[in-house]
Amino acid sequence: MKRLFIPAVLAALCLLLGGGALADEVIEPAWPVPDYVRWLLEVAADEVGQGEDSRGVTKYGTWAGDPTAQWCAEYLNWCVDQVDQQHGTSLLGETYPRYSGSNTGRAWYISQGRYITRNGNLESWGYQWMKGDDTFITTGTYIPQPGDWMFFTWTSDTSTDHVAMVEYCTRAEDGSVTIHVLEGNNPDRVQRNTYALDYVRILGYGTVHDVADWTMRSGCAGQKVRELQEKLVAVGFLRPEQVDGVYGSVTVNAVTAYQRFIGEKENGIANIATQTRLNRDWRQALADAPTAWQVTGDEDDDW
């Protein structure tokens, strides 16, 4: 039986309302919510109301080594560290980024291949699409999941100025979606807050699950590039020793050669058409590989 995700705050609210339904529908997560996300949300929720002292000092900044830091990221990092201590996990730096500087957290998620922009166009990379889909992401395509980190900008550029963690999302009768978050430094304490899914100050989401692919080109680097290179190895357009996670000239040439092979435009850019065909050829190559065949039964069986 599928285990439904119902945040503790909603369960408490339903009790207060005598078990009545909420005005807005809670959107059930599209992907499983790992136990570590549940633990993290519990820790983060327990901190609601905590904040700065008269000097601007927080326990989150102190823990991070800068007592008076602007501490939205430090709060989330501290919560992840608490989960690690309580449950023996190793989430901080592996599943979630440890950082304090602007853009560092978003850059970490991009390097891990788990980042989705609000409008589906990732700077220096290109357009994004959900795995298994053949259309590009636009505003509203991706509904953030519990445990995702949501990055904001307060200016007109694409630098990150704030981060919050998604607790859950709701949908109103008119179809509009609201994101419910836990966030620090708002403006001087930990609070719950809500944002419209189409809020223009949202840059994007560091995701719990790898659920989207995106265009890759010269200069890109990270897990997505490594996965692309491994697929090119499987179909015979790269050598194993050339897999390095960097989209340099070797990878450009390999993608160009593959595009020539499949009859696509030869530009060396791994766009949606190239990757869709590559995924198909890669799966076929895996199925055809000798290691994909396993002998079962007794050696004396007749074949």
Can you list the residues that meet the ring-ring contact (aromatic ring centres under 6.0 Å, His included) rule with His162, with sequence neighbours excluded?
Phe152, Trp154
Side-chain heavy-atom pair Gln145, Thr207 within 4.5 angstrom cut-off
no
Thr68 vs Asp66, side chain to side chain contact (heavy atoms under 4.5 Å, CB included): CA-CA, chis, key distance, verdict:
CA-CA 6 Å; Thr68 60; Asp66 185 358; 3.8 Å; yes
Among the clusters formed by ILVMFWY side chains lying less than 4.5 Å apart, do Leu228 and Val252 turn up in the same one?
yes
Can you tell me how far CG of Asn77 sits from CD of Gln82, rounded to the nearest 0.5 angstrom?
12.0 Å
Is it true that the side chains of Tyr195 and Asn193 contain a donor and an acceptor less than 3.5 Å apart?
yes
Are Glu264 and Thr274 linked by a side-chain donor-acceptor pair shorter than 3.5 Å?
no
Once side-chain hydrogen bond (donor to acceptor under 3.5 Å, both in side chains) is applied, what residue pairs with a partner in residues 105-116 remain, sequence neighbours excluded?
Asn103-Arg106
The single option from Leu197, Thr194, Ile179 passing side chain to side chain contact (heavy atoms under 4.5 Å, CB included) against Cys169
Ile179
May I ask you to decide if Ser159's main-chain N or O and Thr153's side chain share a donor-acceptor pair within less than 3.5 Å?
yes
Report yes or no: does Asp281 contribute a side-chain atom to a donor-acceptor pair with the main-chain N or O of Val235 at less than 3.5 Å?
no
Given side chain to side chain contact (heavy atoms under 4.5 Å, CB included), test Phe136 with Ile272 step by step and report yes or no.
CA-CA 9 Å; Phe136 293 124; Ile272 187 170; 3.9 Å; yes
Can you check whether Met130 reaches Val211 side chain to side chain, under 4.5 Å on heavy atoms?
yes
Using atom types as modelled and distance alone, determine if a side-chain donor or acceptor of Arg201 lies under 3.5 Å from a backbone N or O of Thr155.
yes
Joint cluster assignment, Val233 & Leu278, ILVMFWY side-chain distance < 4.5 Å:
yes
Side chain proximity check, Asp213 to Gln275, heavy atoms < 4.5 angstrom:
yes
Could you tell me if the side chain of Asn119 sits less than 4.5 Å from the side chain of Thr138, heavy atoms only?
no
Heavy-atom count check: over 12 atoms from other residues, nucleotides or ligands less than 6.0 Å from Glu241 CD?
yes
With a 3.5 Å distance limit and no angle check, can you tell me whether Gln128 reaches the backbone of Thr117 through a side-chain donor-acceptor pair?
yes
In terms of hydrophobic clustering (I, L, V, M, F, W, Y; side-chain heavy atoms under 4.5 Å; direct or indirect links), are Trp129 and Tyr142 co-clustered?
no
Quick one: sort the Tyr258 and Phe261 rings into parallel, tilted or perpendicular, breaks at 30° and 60°.
tilted
When Lys59, Arg192, Arg189 are each screened for salt bridge (Lys or Arg N to Asp or Glu O under 4.0 Å) with Glu47, the one that passes is Lys59
Would you check if the side chain of Asp84 reaches a backbone N or O of Gly88 as a donor-acceptor pair within less than 3.5 Å?
no
Check the orientation of Tyr60 and Trp78. Use parallel for under 30°, tilted for 30 to 60°, and perpendicular for over 60°.
perpendicular
Please list, chain by chain and in numerical order, all residues satisfying ring-ring contact (aromatic ring centres under 6.0 Å, His included) with Tyr96, sequence neighbours excluded.
Trp149
According to a 4.5 Å side-chain heavy-atom criterion applied to Ile, Leu, Val, Met, Phe, Trp and Tyr, with indirect links allowed, do Val48 and Trp71 form part of one hydrophobic cluster?
yes
Any side-chain heavy-atom pair from Met165 and Val181 closer than 4.5 angstrom?
no
List the atom of Ser176, the atom of Asp174, and the distance in Å for their closest heavy-atom pair.
OG-OD1, 2.6 Å
Please check: side-chain N/O of Glu167 versus main-chain N/O of Ala44, any donor-acceptor pairing under 3.5 Å?
no
So do the side chains of Glu74 and Thr58 get within less than 4.5 Å of each other, counting heavy atoms only?
no
Measure the shortest side-chain to side-chain distance between Pro146 and Leu41 over non-hydrogen atoms and say whether it is less than 4.5 angstrom.
yes
Between Tyr205 and Phe151, does the ring centroid distance fall short of 6.0 Å?
no
Minimal heavy-atom distance between Gln191 and Pro187, with the atoms involved, is NE2-CD, 4.0 Å
Is there a donor-acceptor contact under 3.5 Å linking the side chains of Asp198 and Thr139?
no
OH (Tyr36) with more than 12 external heavy atoms under 6.0 Å
yes
If two hydrophobic side chains count as joined below 4.5 Å and joins carry through other members, does Ile137 share a cluster with Ile143?
yes
Does a side-chain heavy-atom distance below 4.5 Å link Val83 with Leu91?
yes
Hey, does the side chain of Thr170 reach the backbone of Glu25 with a donor-acceptor pair shorter than 3.5 angstrom?
no
Taking Thr215's backbone N and O only, do any of them form a donor-acceptor pair with Asn271's side chain (distance below 3.5 Å, no angle check)?
no
